[in-house]
Amino acid sequence: MKKVLVTGGAGFIGSHTCVELIAAGYVPVIVDDMRNSDDRILKGIEKIVQRKVVLHRIDCGIETELEKVFREEGPFFGAIHFAAYKSVNESVAEPVKYYANNIGSLVSLLNVSKRHNMNRLVFSSSCAVYGLATSLPVDEKAPATNANSPYGYTKVVCEQLLRDASHCDPDLRVVMLRYFNPVGAHPSALIGELPLGIPNNLVPYVMQTAAGLRNELTIYGSDYGTPDGTCQRDYLHVVDLAKAHVQALNFLNTASSERCEVFNLGTGRASSVKEVVDTFVRVTGAPVRSRMGPRRAGDVPSIFADASKAHKALGWSCAFDLADALRDAWAWQRTLDTDPVAASTP
């Protein structure tokens, strides 16, 4: 039995990854204080996999609490570290919150892992480390120190920390996965993205606007140097992303893995904000009221991935496209029969 510690495992990407871990024969042990999740996500995971999942409701940034989990549940085959705040816009307004949580939680995990000889780690990073990319598509050789927001800088610092830790510990093996833009939901509509409060990301805001929970969608910026003037991103189905984590974990158990590897995860295609809205309306038939607004601090005009390294080394590729992701996200949204803000507030 190969147990895998999954910090932030009740979150959007973490929950889908737990499903894929179980499908691959692993046993996830979730550590999540549920500050950004809800019990319905855990119930959804269990309905999909037809078994109970283990959850420890703790803050993984508190070493003494994480230590207890290692003692009770270990030994662990490896860990996947998701626990972090993720909003670019919020990080601009509250940088101290982001530095304390995102870096502190990784420090805690590394310290406890070292004491328990747990030496395989998959780290949730972001394309935000690239900032204003000088050429597109972006591959892993692009400078990854030019983040355009405090959120992005926390990922830069965490990546450097992992390089330094793996350099001085010959047993530690790390894969850092730089996500582009995860969207969608599980095709079963049993789990999906469940933002608390006003969504900071485009797709959940589109969903809530179409569902009547928000009055309208504001598209931030219409004068970028893109074909329709709105920002472009590489939107990746969350199930494809979840499967990449399983393949990264498998990769860490091979002789070919280096001490610290980095992989981009994306579709290789840029879609604009306007294209996302138009595609959603086309595949669902649900109208979305929108208006143009000013640019938003921290946003970059366009970024999309060259994920050929992950294709070659991990054997990973995308099975879903943007239309699939938006259709699945809408199916999930329609299962939420109450305002997610009220329903998710303790």
Side-chain angles (χ1 to χ4, degrees), residues 3-21 26 28-39 41-42 45 53-70 72-74 76 78-88 90-91 94-114 116 118 120-126 128-129 150-159 161-162 165 174-179 182 191 193-196 200-201 238 241-242 244-246 248-249 265 344 346:
K3 286 187 176 182
V4 178
L5 182 76
V6 186
T7 68
F12 177 42
I13 304 168
S15 60
H16 288 80
T17 299
C18 286
V19 169
E20 297 303 326
L21 284 168
Y26 292 101
V29 174
I30 298 173
V31 167
D32 199 312
D33 62 7
M34 307 299 284
R35 75 181 75 168
N36 284 321
S37 191
D38 185 272
D39 283 342
I41 299 297
L42 295 171
I45 296 172
V53 294
V54 177
L55 167 69
H56 290 264
R57 293 176 184 256
I58 67 161
D59 179 351
C60 69
I62 302 174
E63 278 192 38
T64 53
E65 294 297 308
L66 192 58
E67 179 76 32
K68 293 177 184 177
V69 176
F70 270 74
E72 291 176 15
E73 301 287 354
F76 290 108
I80 304 177
H81 184 52
F82 293 107
Y85 294 131
K86 64 177 184 178
S87 169
V88 168
E90 183 185 53
S91 77
E94 300 186 68
V96 176
K97 171 183 175 180
Y98 271 66
Y99 280 102
N101 182 70
N102 292 9
I103 298 170
S105 63
L106 179 59
V107 170
S108 174
L109 177 60
L110 287 172
N111 283 338
V112 179
S113 296
K114 178 71 172 177
H116 290 266
M118 199 287 294
R120 298 182 187 91
L121 175 62
V122 178
F123 176 68
S124 169
S125 192
S126 169
V129 301
Y151 163 71
Y153 279 117
T154 68
K155 295 299 185 181
V156 171
V157 172
C158 286
E159 285 195 6
L161 170 58
L162 288 168
V174 177
V175 165
M176 303 184 294
L177 299 178
R178 292 175 182 161
Y179 313 160
I191 56 174
E193 191 164 9
L194 191 64
L196 305 186
N200 287 302
N201 296 323
V238 66
L241 180 57
H245 289 78
V246 178
L249 194 62
L265 297 177
S344 301

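For R35, the salt bridge (charged side-chain N to carboxylate O under 4.0 Å, His left out) partners are D33, D59, not counting sequence neighbours. With sequence neighbours left out, the side chain to side chain donor-acceptor pair (under 3.5 Å) criterion links S91 to no other residue. The side chain to side chain contact (heavy atoms under 4.5 Å, CB included) check on E67 picks up R71, V112, R115, H116, with sequence neighbours excluded. In this structure K155 satisfies the salt bridge (charged side-chain N to carboxylate O under 4.0 Å, His left out) test with no other residue, sequence neighbours excluded. Legend: residues meeting ring-ring contact (aromatic ring centres under 6.0 Å, His included) with Y151, ordered by chain and number and at least two apart, are absent. Listed by chain and number, the residues in a side chain to side chain contact (heavy atoms under 4.5 Å, CB included) with Y153 are Y99, A147 (sequence neighbours excluded). In terms of the side chain to side chain contact (heavy atoms under 4.5 Å, CB included) criterion, residue partners of V238 (sequence neighbours excluded) are, by chain and number, F12, I13, H16. In this view, Y98 and E90 satisfy the side chain to side chain donor-acceptor pair (under 3.5 Å) rule, not counting sequence neighbours. For H81, there are no ring-ring contact (aromatic ring centres under 6.0 Å, His included) partners two or more places apart in sequence or in a different chain. Evaluation of the salt bridge (charged side-chain N to carboxylate O under 4.0 Å, His left out) rule for E20 yields no partner, not counting sequence neighbours. Annotation: side chain to side chain contact (heavy atoms under 4.5 Å, CB included) contacts of C158 (sequence neighbours excluded): I103, L106, F123. Shown here are the side chain to side chain donor-acceptor pair (under 3.5 Å) partners of N102, two or more places apart in sequence or in another chain: T154.
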